[in-house]
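Report on one structure; see the data block that follows.
Sequence lines set the chain letters: A, B, ... in the order given, protein chains first and strands last, and positions in each chain run from 1.
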Amino acid sequence: NAGVTQTPKFQVLKTGQSMTLQCAQDMNHNSMYWYRQDPGMGLRLIYYSASEGTTDKGEVPNGYNVSRLNKREFSLRLESAAPSQTSVYFCASSDRATNEKLFFGSGTQLSVL
Amino acid sequence: DAKTTQPPSMDCAEGRAANLPCNHSTISGNEYVYWYRQIHSQGPQYIIHGLKNNETNEMASLIITEDRKSSTLILPHATLRDTAVYYCIVRTSGTYKYIFGTGTRLKVLA
């Protein structure tokens with residue numbers, strides 16, 4: 001049972017490049033989330049998906065897009081990366097069946113040069 | 001969502017109880033209190049949550065004041081492996097907008 005899997009683990013981009021961070025969960029959870037964590041800071045919510053087919057903005061959505069591809073997968077896209085998007089990105093999932101406890105992936109370290 | 005306030009850092013001697021406070025003075029009746037911790041740069045890990053009553057599990061105890069305006073996470077016998085950042089979060093039932101604050105950096109001292 002893998003839980004929440006994020007790919008890639010590390011990525012270096014040049015300013016203006018685009019990329020998609022992938023997230024998949026195998027716990028049959030309804031809700032999924034994307035957070036970013038800057039050095040020495042707490043986590044900030046980018047987008048979340050309460051259920052398949054729905055997505056909503058979090059605290060810091062600008063510069064990002066998301067797709068809830070199916071119940072298992074929730075991707076985060078950077079259309080034109082900027083140095084300010086250098087961060088560690090965490091994906092998480094939750095479900096009412098487990099009292100909406102968040103289960104996190106191991107993170108993606110993204111550097112934008 | 002109610003905001004939470006936590007001290008930025010705390011120290012605790014190994015083997016002693018660690019008591020981490022959280023203020024959530026604007027909490028509403030249908031808002032739960034959740035605690036997570038983050039060790040190094042790993043993804044945060046769930047610890048415990050509660051609504052009104054005190055709760056205990058294998059990891060910790062959660063004490064919520066009667067007016068629900070504050071809570072305390074208790075690690076009964078802290079070990080060096082409990083050194084982490086601890087986050088207190090308030091979440092409205094039926095919503096999914098989990099907002100993390102800056103947390104408390106707990107250092108357990110040998």
Practice task
With side chain to side chain contact (heavy atoms under 4.5 Å, CB included) as the test, would you mind laying out the steps for A:Ile46 and A:Leu76 before giving the verdict?
Solution key: CA-CA 9 Å; A:Ile46 306 172; A:Leu76 178 72; 4.1 Å; yes

Handout entry: Test log, rule side chain to side chain contact (heavy atoms under 4.5 Å, CB included), inputs B:Cys12 and B:Leu109
Key = CA-CA 6 Å; B:Cys12 176; B:Leu109 306 173; over 6 Å; no

Exercise for the section: Could you tell me which of A:Ala92, A:Gly105, A:Cys91, A:Ala50 has the largest number of non-hydrogen atom pairs under 4.5 Å with chain B? Expected result: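 Ranked by heavy-atom pairs under 4.5 Å with chain B, first place is A:Ala50.
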
Considering distance alone, list the donor-acceptor pairs between chain B and chain A shorter than 3.5 Å.
from	atom 1	to	atom 2	distance (Å)
B:Tyr34	OH	A:Asn99	O	2.7
B:Tyr36	OH	A:Leu102	N	2.8
B:Gln38	OE1	A:Gln37	NE2	2.8
B:Gln38	NE2	A:Gln37	OE1	2.8
B:Tyr87	OH	A:Gln37	NE2	3.4
B:Tyr98	O	A:Tyr35	OH	2.8
B:Tyr98	OH	A:Glu100	O	2.3

Handout entry: Derivation of the side-chain hydrogen bond (donor to acceptor under 3.5 Å, both in side chains) call for B:Ser70 and B:His24
Key = CA-CA 5 Å; B:Ser70 66; B:His24 31 79; over 6 Å; no

Transitively linked via ILVMFWY side-chain contacts under 4.5 Å: [X] with [Y]?
X        : Y       : result
A:Val60  : A:Val66 : yes
A:Val112 : A:Leu21 : yes
B:Ile99  : A:Val88 : yes

Exercise for the section: Decide side chain to side chain contact (heavy atoms under 4.5 Å, CB included) for A:Leu110 and A:Met19; before the verdict, give the C-alpha distance in whole Å, the side-chain angles of both, and the deciding distance to 0.1 Å. Expected result: CA-CA 10 Å; A:Leu110 175 67; A:Met19 81 158 294; 3.9 Å; yes

Exercise for the section: With rounding to the nearest 0.5 Å, note down the distance linking SG in A:Cys23 to CZ in A:Phe90. Expected result: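 If I round to the nearest 0.5 Å, the distance is 12.0 Å.
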
Practice task
Report the distance from atom CG of B:Leu62 to atom CD1 of B:Ile48, rounding to the nearest 0.5 Å.
Solution key: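 These two atoms lie 5.5 Å from each other.
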
Exercise for the section: Please flag which part of A:Leu43 lies under 4.5 Å from any non-hydrogen atom of chain B: side chain, backbone, both or neither. Expected result: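 Both parts, backbone and side chain.
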
Handout entry: Whether B:Asp11 side chain and B:Leu106 backbone form a donor-acceptor pair below 3.5 Å
Key =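 Checking the backbone N and O of B:Leu106 against the side chain of B:Asp11, no donor-acceptor pair under 3.5 Å is found.
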
Handout entry: Any residue of residues 72-80 of chain B which, by heavy atoms, sits under 4.5 Å from chain A
Key =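 Under the 4.5 Å heavy-atom cut-off, nothing qualifies.
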
